[in-house]
Amino acid sequence: MLADQIRDALDRGEARLVKADSEIIANSFTLEALVHNGVATQVYRARHRDLGTLHAIKILRPAQAGDPVTRGLFLREAEIGMALGHRNVARTQVLLRLSDGRPALVMEWLGQALADVLPRTPLSIPEVTSIMTAIFEGLGAIHAAGFVHCDLSPANLRSAGDGFSDLKIADFGIALETGRRQGELDLGFAGQPEFASPEQRAGEPLDQRSDLYASGRLLSLLLHHCRNLDGRAEQLKAVAIRLSQKDPRGRPENAEAALHLLRGLGKHLVGT
């Protein structure tokens, strides 16, 4: 009976979420700020009430809760995120169920997106290669688990601090099992057009080389924001061109091969 009473108390705290002025989820997380207000989901910065730790909490909007496609994608995102464990992949910590039936995804807090840093912070060649190394290593873990990220972009590359040493790949909302098409999930095109591979835009089956195309586009963008360009930058531009070939057969075979290509330019490019 005591256990039931505790559950009831938690449910009453959880129910506060449905109120407009709510600040508590599951009687454990205090909502501090709305950081993303999307069409189907909202993301909050939240703090654990007992531990004081920061988290990102992603919640389906009430209007989307009954949509089977949106709900199915949300649950897939939770499953994929919790199946991955790597220092360059954002951690998905737990899936909560709210009193109104909506799922809420609790993730590690990574407060800084590369998209926010680029406009105000010129990069050095070692910083560019450090970022690309983190991307390739994170992609290697994602691909080894049998998935294609499908949405690699500056908005989904995040860090907990001010630098790039802990950069992580985040947001698995449209990730696919290798060899599948987006249309199989009742999706039209989803992703960032400027980073999506030609085969992704065409609705074809995707493999890890699709993410490598996006990484090539990212490398080109990073070099655009790089200061003190020299011969090393020209070498990196050549890598970007190789990665972003329209024909997947012209790209490196996998993330490990891309990382080997990057490191093959010389240790002086990578930096520490």
Side-chain angles (χ1 to χ4, degrees), residues 73 76 80 83-84 86 88-89 114 125 128-157 167-226 229 231-267 269-270:
L73 287 172
R76 284 185 80 256
I80 292 171
L84 298 169
H86 189 273
N88 296 118
V89 177
L114 185 60
I125 292 293
V128 170
T129 53
S130 178
I131 291 169
M132 294 307 302
T133 297
I135 290 172
F136 291 142
E137 291 187 347
L139 284 178
I142 294 167
H143 297 160
F147 301 106
V148 183
H149 186 273
C150 299
D151 200 13
L152 201 63
S153 71
N156 291 331
L157 295 168
L167 196 74
K168 301 186 181 190
I169 300 172
D171 197 340
F172 295 90
I174 61 171
L176 289 173
E177 290 84 355
T178 303
R180 297 189 69 180
R181 309 169 187 259
Q182 288 188 322
E184 294 178 44
L185 301 179
D186 292 324
L187 284 172
F189 170 75
Q192 301 295 323
E194 62 268 40
F195 297 101
S197 67
E199 59 268 29
Q200 182 176 349
R201 296 195 299 270
E204 297 173 1
L206 302 180
D207 62 25
Q208 51 202 5
R209 293 173 297 178
S210 181
D211 285 338
L212 294 184
Y213 177 92
S215 71
R217 300 290 294 167
L218 277 164
L219 177 53
S220 295
L221 178 65
L222 295 176
L223 290 171
H224 179 73
H225 288 273
C226 198
L229 295 178
R232 298 177 300 170
E234 293 303 316
Q235 291 179 292
L236 288 171
K237 287 179 182 178
V239 173
I241 291 171
R242 172 79 183 279
L243 289 165
S244 54
Q245 291 290 305
K246 290 184 178 180
D247 187 338
R249 294 171 294 182
R251 304 171 204 155
E253 183 178 356
N254 51 42
E256 182 179 356
L259 184 59
H260 181 75
L261 182 64
L262 181 69
R263 288 175 171 162
L265 298 179
K267 292 182 180 180
L269 283 180
V270 178

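Heavy-atom basis, side chains included; hydrogens, waters and symmetry copies ignored. Quantities reported herein were computed from a predicted structural model and do not represent experimental measurements.
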(request) Run the numbers on Thr178 and Leu206 for side chain to side chain contact (heavy atoms under 4.5 Å, CB included), then give the verdict. (result) CA-CA 6 Å; Thr178 303; Leu206 302 180; over 6 Å; no
(request) Given side chain to side chain contact (heavy atoms under 4.5 Å, CB included), test Leu176 with Glu184 step by step and report yes or no. (result) CA-CA 10 Å; Leu176 289 173; Glu184 294 178 44; over 6 Å; no
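Taken to the nearest 0.5 Å, the CG atom of Leu218 stands 6.0 Å off from the CG atom of Leu157. Here CZ of Arg217 is found 11.0 Å from CG of Leu219. Values are rounded to the nearest 0.5 Å. Going from atom CG of Leu221 over to atom CG of Leu114 covers 7.5 Å, rounded to the nearest 0.5 Å. Between the OG1 atom in Thr129 and the CD atom in Gln235 there is a gap of 11.5 Å [rounded to 0.5 Å]. Interatomic distance, His225 NE2 to Leu223 CG, rounded to the nearest 0.5 Å: 10.5 Å.
Listed by chain and number, the residues in a side chain to side chain donor-acceptor pair (under 3.5 Å) with Ser215 amount to none (sequence neighbours excluded). Annotation: salt bridge (Lys or Arg N to Asp or Glu O under 4.0 Å) contacts of Arg76 (sequence neighbours excluded): Glu177. Take Arg201 and apply the side chain to side chain contact (heavy atoms under 4.5 Å, CB included) test, not counting sequence neighbours, and it matches Phe189, Ala196, Pro198, Tyr213.
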All N/O donor-acceptor pairs, side-chain side in residues 236-244, below 3.5 Å, sequence neighbours left out:
from, atom 1, to, atom 2, distance (Å)
Lys237, NZ, Glu234, OE2, 3.3
Arg242, NE, Gly250, O, 3.0
Ser244, OG, Ala240, O, 2.7

Distance-only criterion, 3.5 Å: show the donor-acceptor pairs between side-chain atoms of residues 134-155 and protein atoms not counting sequence neighbours.
from, atom 1, to, atom 2, distance (Å)
Glu137, OE1, Arg87, NH2, 2.8
Glu137, OE2, Arg263, NH2, 3.2
His143, ND1, Leu139, O, 3.3
His143, NE2, Asp211, OD2, 2.9
His149, ND1, Asp151, N, 3.0
His149, ND1, Leu152, N, 3.3
His149, NE2, Ala170, O, 2.9
His149, NE2, Asp171, O, 2.8
Asp151, OD2, Asn156, ND2, 3.2

Please list every donor-acceptor pair under 3.5 Å in which a side-chain atom of residues 251-258 meets a protein atom from a residue at least two apart or in another chain.
from, atom 1, to, atom 2, distance (Å)
Arg251, NE, Gln245, O, 2.7
Arg251, NH1, Glu199, OE2, 2.7
Arg251, NH1, Arg209, O, 2.9
Arg251, NH2, Glu199, OE1, 3.0
Arg251, NH2, Gln245, O, 3.0
Arg251, NH2, Lys246, O, 3.1
Asn254, OD1, Glu256, N, 3.2
Asn254, OD1, Ala257, N, 2.8

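For Asn88 (side chain) and Leu167 (main-chain N/O), a donor-acceptor pair under 3.5 Å exists by modelled atom type.
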